[in-house]
Structure formats: C-alpha cells, structure tokens
Amino acid sequence: MSGDKSPSRLFIAPLVVALLAAAGFGYWKSLQDRLPEGVYEANGRLEATEVQVATKYPGRLAEVLVAEGDSVESGQLLARIDTRTLEAQRSQAESEVLRARENVAAAQATVHLRESERRLAQQDLARFRELYTRGHASGQQIDQQQARFDTSSAALEAAQAQVHAAQAAIATAQARVMQLTSEIDDSSLRAPMKGVVQLRLAEPGEVLGAGGRVFLLIDPSDQYMNVYLPSAVAGRLVAHADARIVLDALPEQPLPAQVAFVAAKAQFTPKEVETRDERQKLVFRVKLRLTDPAAVPQAKPGMPGSAYVRRDSSIDWPQTLE
C-alpha cells in the first residue's frame, strides 16, 4: 500500500514547488507594476562621507579626548601624541638660534675692526704715494704699504663672509625651530570637519607609526546612496533632479534626495548589487544625495534600501513608495 503512495508524493512535491515559485514571481511582478510609467527603482545602501584621522609622525598616543558616537566640531582637539622629545629638540634649536645671533654680533664687530684697519692702510698708502712723488719715499715702502692694504682688504672680506655664514646659521636654526613647532602642532589631532566619531581605533599608550589611524569620522550632513542603472534610465537623469530614497528600516518615510552625479562611463554591474534584469551587464553609477539628512535622524549610514528616480519632473511621485 505504501508503494502506491510513493509516486503520488513524488508528483505532489514538484507541483507545490512550482506553485510557490509562481506565487513568488507574481508577487515580484506586482511590485514592479506598482510604479507609474517613468519612475524607476534601484537597490543600494546609504553611505556618508568618511574621513580618517591619522598621525602624521610616529609617536606614543598620550591622550584621547573623544569616544565613539561623540559629535565633534571642525578644529576640535581629538587626541594628542606625546611631544616631550620634540619639545626638548625645539628648546635646543632655540638655543642654536641665540648662539647664531651672538656669532653674528661677534662677526659684525670683527668687520668693523677690519674696516678700520683697511681704512688706515688705505690712508698710509695714499701718503706714501705722495711722498714717493716728492722723492721722500722709496718704491719698496710703496710696495709694503700696498701689501698691507691688500691684506687688510682680504681680512675685511673674510670677516664679511663670517657674518654671512653666521646669518645663514640663524636661518637654519630658525627653520629647525619652525619644523619642530610644526611637528608639535601636528601631534595634536584635530577634527578636519564637523561630524560624528564612528570608530575609535587607538587608545592612550599605544605607539603608532606615521599614518597610524586613530579615528574614523563621518559627516551625517552628507549622506548619499550609489545605485546602478541601465543606460536607458541613466541617460535621462540630470544633476539636481529630484529623487527619493526608502530605507528598509523606514519604509513609510521616503527621504527626499537629488541626483548628485551620473557616471560618464558605463561599467559592469558590481557583484554585490542586485538588479531586476540579470541580463543587464553594463550600468551607470548614479549618486543620490539626501537633501535634508537631519530631518530623519533615524536614517543611518549602512542601512539598505531602494532609490527611486523619474524620467522627468512632469511625472508625479506615487503616494506610496514602500
């Protein structure tokens, strides 16, 4: 008896599967047909502008002043790298500046002395030449005074070169001070924008290399969704055209958006993007930006949802986009 029932069960099971598949297809088709002509839907994930706050120079993280979820203002101090070594080096460089300035003063005093010696040698040379024309001085004396004048001139040039070298040493030491000051300032990690701390990636006491990440900030005022549309749809979109975004978590709150960007070149459909027509291989990336993200604070980056665009502004949005 059981042998008679087995073939019927084998027949019923595929029939049930076929009926379920047909019902699923009908439901899917009804979802597609509910949109009016000229309104198109695509799937995506809400995103926000992200900025990584990282160290410029290696060092030990001395202090972290904010936690995940904190709102920060542009320029706000977020963390500090230990700068004791840099501050000691800057003090040494400042001492080098003072020493170089003292060397300049000493070299300038030497220049004044050499100028006096040269001026005296020039006067003596002129007197001996006058005496020579009158026959009261010999040629040897003229040669001696000329050599004395040449020597004093060379000494003056050497003293002036020492002044220039000392002044260059001042510039070098000042540049070193400025460099260390810049490194100390860069060791104070500040928020590059107004936003929210999404991730805190390091803790006080950790030694970080150059480029070590400490925070990930997001800008909740700049939220957007990237979707991929076929050329027949993307080709009709223009910048600043109205759009709508409906998140899976907020199906009854369509979020106003605008077309911010339409790619100028087609690409293959990314693997993680679900498309209505699996035969559609080439698509254009379209970026939709929320026009008023603060109006719905429940909308968070990372939430999946659907984006809706329309062929032109003359087409009215449907009353429900769920």
Side-chain angles (χ1 to χ4, degrees), residues 53-63 65 74-192 204-205 207-212 214:
V53 180
T55 61
K56 186 175 181 180
Y57 302 103
R60 185 181 299 277
L61 193 60
E63 189 177 13
L65 303 174
S74 177
Q76 179 178 336
L77 182 63
L78 305 180
R80 289 190 310 103
I81 302 295
D82 189 355
T83 58
R84 288 175 295 180
T85 301
L86 293 176
E87 290 171 355
Q89 292 175 352
R90 182 172 65 177
S91 298
Q92 181 181 359
E94 291 172 343
S95 299
E96 294 291 339
V97 172
L98 297 176
R99 185 180 300 109
R101 287 174 176 170
E102 293 175 354
N103 292 339
V104 168
Q108 289 174 338
T110 303
V111 167
H112 294 323
L113 176 61
R114 300 308 179 198
E115 286 177 342
S116 299
E117 292 175 349
R118 182 179 181 276
R119 186 163 50 250
L120 179 59
Q122 186 177 20
Q123 292 172 353
D124 290 344
L125 178 59
R127 281 194 293 267
F128 271 92
R129 284 176 176 172
E130 181 66 23
L131 291 175
Y132 180 77
T133 58
R134 297 178 182 180
H136 298 297
S138 64
Q140 182 179 5
Q141 290 175 316
I142 295 295
D143 293 340
Q144 289 174 348
Q145 294 301 322
Q146 182 66 50
R148 179 186 170 195
F149 175 76
D150 293 340
T151 301
S152 61
S153 297
L156 176 60
E157 292 178 359
Q160 291 173 337
Q162 290 178 351
V163 171
H164 295 323
Q167 290 174 339
I170 290 179
T172 300
Q174 288 176 333
R176 178 61 175 165
V177 171
M178 293 176 62
Q179 176 188 354
L180 291 169
T181 300
S182 176
E183 292 184 15
I184 291 173
D185 292 341
D186 289 336
S187 296
S188 296
L189 305 183
R190 299 184 180 276
V207 177
L208 304 176
V214 184

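Quantities reported herein were computed from a predicted structural model and do not represent experimental measurements.
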Minimum heavy-atom distance [X]-[Y], with the two atoms named:
X    : Y    : answer
G211 : A54  : O-CB, 3.6 Å
A62  : D82  : CB-N, 3.8 Å
S152 : R118 : OG-CA, 3.3 Å

Just how far is it from atom [atom1] of [X] to atom [atom2] of [Y], taken to the nearest 0.5 Å?
X    : Y    : atom1 : atom2 : value
R90  : T83  : CZ    : OG1   : 8.0 Å
L65  : L77  : CG    : CG    : 5.0 Å
Q89  : E94  : CD    : CD    : 12.5 Å
R148 : S153 : CZ    : OG    : 11.5 Å
L120 : E115 : CG    : CD    : 13.5 Å
L189 : Q76  : CG    : CD    : 12.5 Å

Please examine the side chains of [Y] and [X], heavy atoms only from C-beta on, and report whether any two atoms are closer than 4.5 Å.
X    : Y    : result
Q108 : V104 : yes
L156 : V111 : yes
V53  : P192 : yes
L78  : V214 : no

Just jot down the salt bridge (charged side-chain N to carboxylate O under 4.0 Å, His left out) partners of [X], sequence neighbours excluded, or say none.
X    : value
R60  : none
R127 : D124
D186 : K56
R80  : E63

Judged by atom type as modelled, is there a donor-acceptor pair below 3.5 Å linking the side chain of T55 to the main-chain atoms of G209?
-> yes
Verify, without hydrogens or angle tests, whether T151 (side chain) and A147 (backbone) share a donor-acceptor contact under 3.5 angstrom.
-> yes
Can you give the donor-acceptor pairs under 3.5 Å from side chains of residues 161-175 to other protein atoms, not counting sequence neighbours?
from : atom 1 : to   : atom 2 : distance (Å)
T172 : OG1    : A168 : O      : 3.0

Can you give the donor-acceptor pairs under 3.5 Å from side chains of residues 95-102 to other protein atoms, not counting sequence neighbours?
from : atom 1 : to  : atom 2 : distance (Å)
S95  : OG     : S91 : O      : 3.1
E96  : OE1    : R99 : NH1    : 2.9
E96  : OE2    : R99 : NH1    : 2.9

salt_bridge(E117, R114) N-O dist < 4.0 Å = yes
